[in-house]
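Reviewing the structure listed below.
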Amino acid sequence: EEGLDRRKMGREAFVERVWQWKRESGDTIKRQMVQLGASCDWSRERFTFDEGLSRAVREAFVRLYRKGLIYRGEYMVNWCPRCITAISDLEVTHEESNGHLWHIQYPVNGTGRHLVVATTRPETMLGDTAVAVNEVDSRYFDLHGKTVQLPLMDRTIPIVLDDLADPEFGTGVVKVTPAHDLNDFECGKRHKLARIKVIDETGHMTEAAGPYAGLDRFEARKRVVADLEKLGLLVKIEPYTMSVGECQRCKTVVEPLISKQWFVKMKPLAEKAIAAVESRRIEFVPENWSKTYFEWMYNIRDWCVSRQLWWGHRIPAWHCRNCEEVMVAAEAPLTCARCGAAGLEQDPDVLDTWFSAGLWPFSTMGWPDQTEDLAVYYPTTLLITGFDIIFFWVARMIVMGLECMGQVPFRQVYIHGLIRDAERQKMSKTKGNVVDPLVVTEKYGTDAVRLALVMGAAPGTDIVLSQERMESTRAFANKIWNAARFLFLNMERSAVAPWVPSREIDEAAAEPYKPEADAETLTVPLEDRWIFSRLNACAEQANAAIAQYRFHEAAQVLWQFFWHEFCDWYVELKKLRFQENSGLNAHWRNTLAAFETALRLLHPVMPFLTEELWQRMGPEGASGRPPSIALAPYPRYSHGASDLIAERQVNLLQEIIGAARDLRADMKLDPKLPLSGTLYARGAAYAVGTAQAEAIRRLANVKLEFVQDGAPPKGAVRSTHEFDLALEVPMAQTGAHRTRLEKEKEQLDKVIANSRRQLSDEAFMSKAPAKVVESIRHKLGDYQAQLDKTEAALAGLAE
RNA sequence: GGGCGCGUAGCUCAGUUGGUUAGAGCGCCUGCUUCACACGCAGGAGGUCACAGGUUCGAGUCCUGUCGCGCCCACCA
């Protein structure tokens, strides 16, 4: 707000004004304060910070202070003239901007010569207290020890020798403004130069700026340039791109100012924090981010933690009005420790919010008290966050944790990508391209949005959240829902009682379900043996992926399994059974157990949908059943639950059905047209084919005869090395089939040639591991057999 | 100036330690209102993995360079 300067009006009046503003601006401030951990008593228009947190902040501050890690000093800080507060280095964002480089003549006293300095900020020349040249710069040897006359201010200032001046840059002469530039400040200290502050806390020129006093800093710049031009001291103006520091919050150009502030001495803290990551007491995932962390820690500067804002935790320091003693203490002292005077005043400044945020891992657990929570939850195992707050928060939690607790706050830091929109733009509140979770969850469903995020969250990459992705995950959610609907419908039709196998919360008691044998045949149906083996494999992969934070991979495994194994094959195969079966028998129990296991597997990525379906599956309050799927054990790999024979057999079945479908498609035949054919089967294919004849008829719409080891006729034949499938086709259009076979032959020729070349390569044979050689030899045999089949089929077509 | 990362199918991206004929979703093409699902089913087309070298028996994967793109940090007159 215009003219709102807390320093000038005093804290009480300032707060009064802000509250007035608050009443006019609705609940914005209330929300901000709640985010800051304050609780607000709206009716009484007062707020207090959570006392526990405040106590932790005071305690941490005092501890660091006593260890000499916090000091109060006059130093160059980033100052936002709009917020009227100091801000930390991290809160300054640098923007490229097109500026100018003004070249200005400074007359050298007693020589008649001029020095030319270049600057991007001519208004600061009003505060110049020296010009610098480099000691080694031969152009200026004769000017050592001389003075120049500062134009406009008519002040005599020395020429100093300093490395600040780079002989390579411009004229090699640089103006020195110790009060408004960090480099110049350091240079000023080296040469004991005066600091003349020409810009004040609101961005206006001070009395020290003489005729320019009271002007806005940018207006002053124009006037200074104009006046120099009039005096003929402006040599030239060059266009110049530079990066300008802006206040992260309000985009105002930051002003470097000298100011008395509280700082945290970072070097010793950073050393410990670096060691914690180097020794792997803390690990970044992906590991690469530790480089970013190190980079920052190695180049760290002291952290300005005081803010001239009205909200936040006040600095626990008290000033004596009498002797100006400063006392840092957790509780307000009554009298001055030095002179004994009463009437101490608390420091009006508040702390950077990240100071208290850095205490989060232990302040939330009751620290500084030694609570049970603290003992259990500190350090915690994992912190999940985005890379954009590694510096702001992660690094500071590590620093504070090590200092206050003597122990790292967490063991691993998983850094996920940033969410980007469909144009790959970073989403941010200020850009306005944020996705409103309420809108998209309304449109696509909460689980679909969640799954889209998870599937996009490959480690080390950003997350692209697009309509298309959410549409496809919605389709997946819909698929699950419909699969369930189908099962429930058939249960009703077959008068099957609801049932879920007991899943006790105690994981040790949760044995994997073993598929039951059919009462009549006394065998376990093939599709059940297969699906539980696949569920087992899926659980193994999902668990492994999750353990490595490869969430996208877990989601993909689950997607592939549920859609393309459970729905496409298992449910399709079970359709045959549902027609024959009624009542809760082995078939139904196996089916329901498989579905229930799949739901538990899917639960982390589709929590709402799976919970809903899981609740609908079984009778309420069934004994041994947890009240929520979230409490049921997550399926785990069990060695005994694998059935590789069943997997092999179902693969064969899929190949037979696939071959029939391929032929039908190649021959351009109507899918509704029932066909008949013969399977010339070798080995296991005969047994599988005959046993699953009905499944083949249903899924491929082909009625098959089975012949063991026979040779197929010519015509519509599809072969693998385990069978030849011949279809009786009325009017064969063999064009597409021929194209397919020719393409296959071409590919096989290629890979066979490749394999042969490798196997005849002496270097390969002598150096490659035996395992690799063996596998290539084996594969070559397979390719060769396939090629024979393909060529035979092609020859058959030719006649 | 310093650091990090990316360039793979028309689009958006996976591809863990180098080893089958490089994958997915969307889009596209063909055919299906098959009684869970057209937000679906079946089949299909489509990639000299940015470019140039190198290491290796073997490179999308490792190294170097080039080009293009992005991000972070910085006391860049």
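On a predicted model such as this, the values are computed, not experimentally measured, just so you know. Every chain is numbered from 1, with letters handed out A, B, ... down the list of sequences.
The one candidate from A:Val413, A:Ile390, A:Val277 that meets the side chain to side chain contact (heavy atoms under 4.5 Å, CB included) condition with A:Trp289 is A:Ile390. Here the rule is side-chain hydrogen bond (donor to acceptor under 3.5 Å, both in side chains) with A:Thr124, and of A:Arg221, A:Lys175, A:His180, A:Glu255 only A:Lys175 fits it. If you run side-chain hydrogen bond (donor to acceptor under 3.5 Å, both in side chains) between A:Asp666 and each of A:His737, A:Arg718, A:Arg661, only A:His737 comes through.
Between the side chain of A:Glu295 and the base of B:A74, no donor-acceptor pair of N or O atoms lies under 3.5 Å. Put simply, the side chain of A:Lys479 and the base of B:C37 share a donor and an acceptor less than 3.5 Å apart.
Counting any heavy atom pair closer than 4.0 Å across all strands shown, A:Lys668 reaches no nucleic acid atom. Within the 4.0 angstrom heavy-atom criterion, no nucleotide atom of any strand lies near A:Val117. Using a 4.0 Å heavy-atom cutoff across all strands shown, A:Ala665 reaches sugar-phosphate atoms only and no base atom. Contacts of A:Glu774 with the nucleic acid, taken as non-hydrogen atoms under 4.0 Å apart, are absent. In this structure, A:Gly658 reaches neither bases nor backbone, as no heavy-atom distance under 4.0 Å exists between it and the strands shown.
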Worksheet item: Going through the checks in order, is the side-chain contact (heavy atoms from CB on, under 4.5 Å) test met by A:Gln654 and A:Asn651?
Response: CA-CA 5 Å; A:Gln654 289 170 330; A:Asn651 280 347; 3.3 Å; yes

Practice prompt. Kindly indicate, with the supporting measurements, whether the criterion salt bridge (Lys or Arg N to Asp or Glu O under 4.0 Å) is fulfilled by A:Glu572 and A:Arg698.
Written response: CA-CA 9 Å; A:Glu572 291 303 321; A:Arg698 177 163 182 131; 5.2 Å; no

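Where A:Asp761 and A:His552 meet RNA chain B, the nucleotide closest to each residue was compared, and A:His552 sits on the side nearer the 5' end. The 5' end of RNA chain B is approached more closely, in terms of each residue's nearest nucleotide, by A:Arg550 than by the other of A:Arg550 and A:Arg474.
Remark: the separation of the C1' atoms in B:U8 and B:C51 is 14 Å, to the nearest Å. On the P atoms, B:G10 is 15 Å away from B:A45, given to the nearest whole Å. For the P atom pair drawn from B:C71 and B:C32, the interatomic distance equals 49 Å after rounding to whole Å. Comparing the same atom, P, in B:C29 and in B:C69 gives a spacing of 34 Å after rounding to whole Å.
Around atom CD of A:Glu762, no more than 12 heavy atoms belonging to other residues, nucleotides or ligands sit under 6.0 Å away.
Side chain of A:Asp662, nearest nucleotide from B:C72, B:A77, B:G43: B:G43. When distances are taken from the side chain of A:Asn288 to each of B:G25, B:C4, B:G44, the shortest belongs to B:C4.
Rounding to whole angstrom units, CZ of residue A:Arg469 and C1' of B:A24 are separated by 10 Å. For the pair A:Glu91 CD and B:C73 P, the computed distance is 12 Å after rounding to whole Å. The nearest whole Å value for the distance from the CZ atom in A:Arg661 to the C1' atom in B:U30 is 16 Å. When the P atom of B:A36 is taken as reference, atom CG of A:Leu613 falls 17 Å away, rounded to whole Å. Rounded to a whole Å, the CG atom of A:Leu669 is 14 Å from the P atom of B:G31. Atoms CG (A:Leu759) and C1' (B:G58) sit 13 Å apart, rounded to a whole Å. A:Phe294 has its CZ atom 14 Å from the C1' atom of B:C4, to the nearest Å. A:Gln747 has its CD atom 13 Å from the C1' atom of B:A45, to the nearest Å.
Remark: A:Lys574 is not positioned above the aromatic ring of A:Phe486, lacking an NZ or CZ atom under 6.0 angstrom from the ring centre and at most 45 degrees off the axis. Cation-pi contact between A:Arg396 and A:Trp303: present, with separation from the ring centre below 6.0 Å and deviation from the ring axis of at most 45°.
Remark: RNA chain B forms stems of 3 or more consecutive Watson-Crick or G-U wobble pairs, all pair distances under 3.5 Å, at B:1-7 with B:67-73, B:10-13 with B:23-26, B:28-32 with B:40-44, B:50-54 with B:62-66.
Side-chain atoms of A:Ile237 and A:His103, non-hydrogen and from C-beta on, never get closer than 4.5 Å to each other.
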Find every protein N or O atom lying less than 3.5 Å from an N or O atom of nucleotides 17-20 of chain B, and list the pairs.
| from | atom 1 | to | atom 2 | distance (Å) |
| --- | --- | --- | --- | --- |
| B:U20 | O2' | A:Tyr783 | OH | 2.9 |

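Using modelled atom types, no side-chain atom of A:Arg616 and backbone atom of A:Ala484 make a donor-acceptor pair closer than 3.5 Å. With hydrogens and angles disregarded, a donor-acceptor distance shorter than 3.5 Å links the side chain of A:Gln548 to the backbone of A:Ala544.
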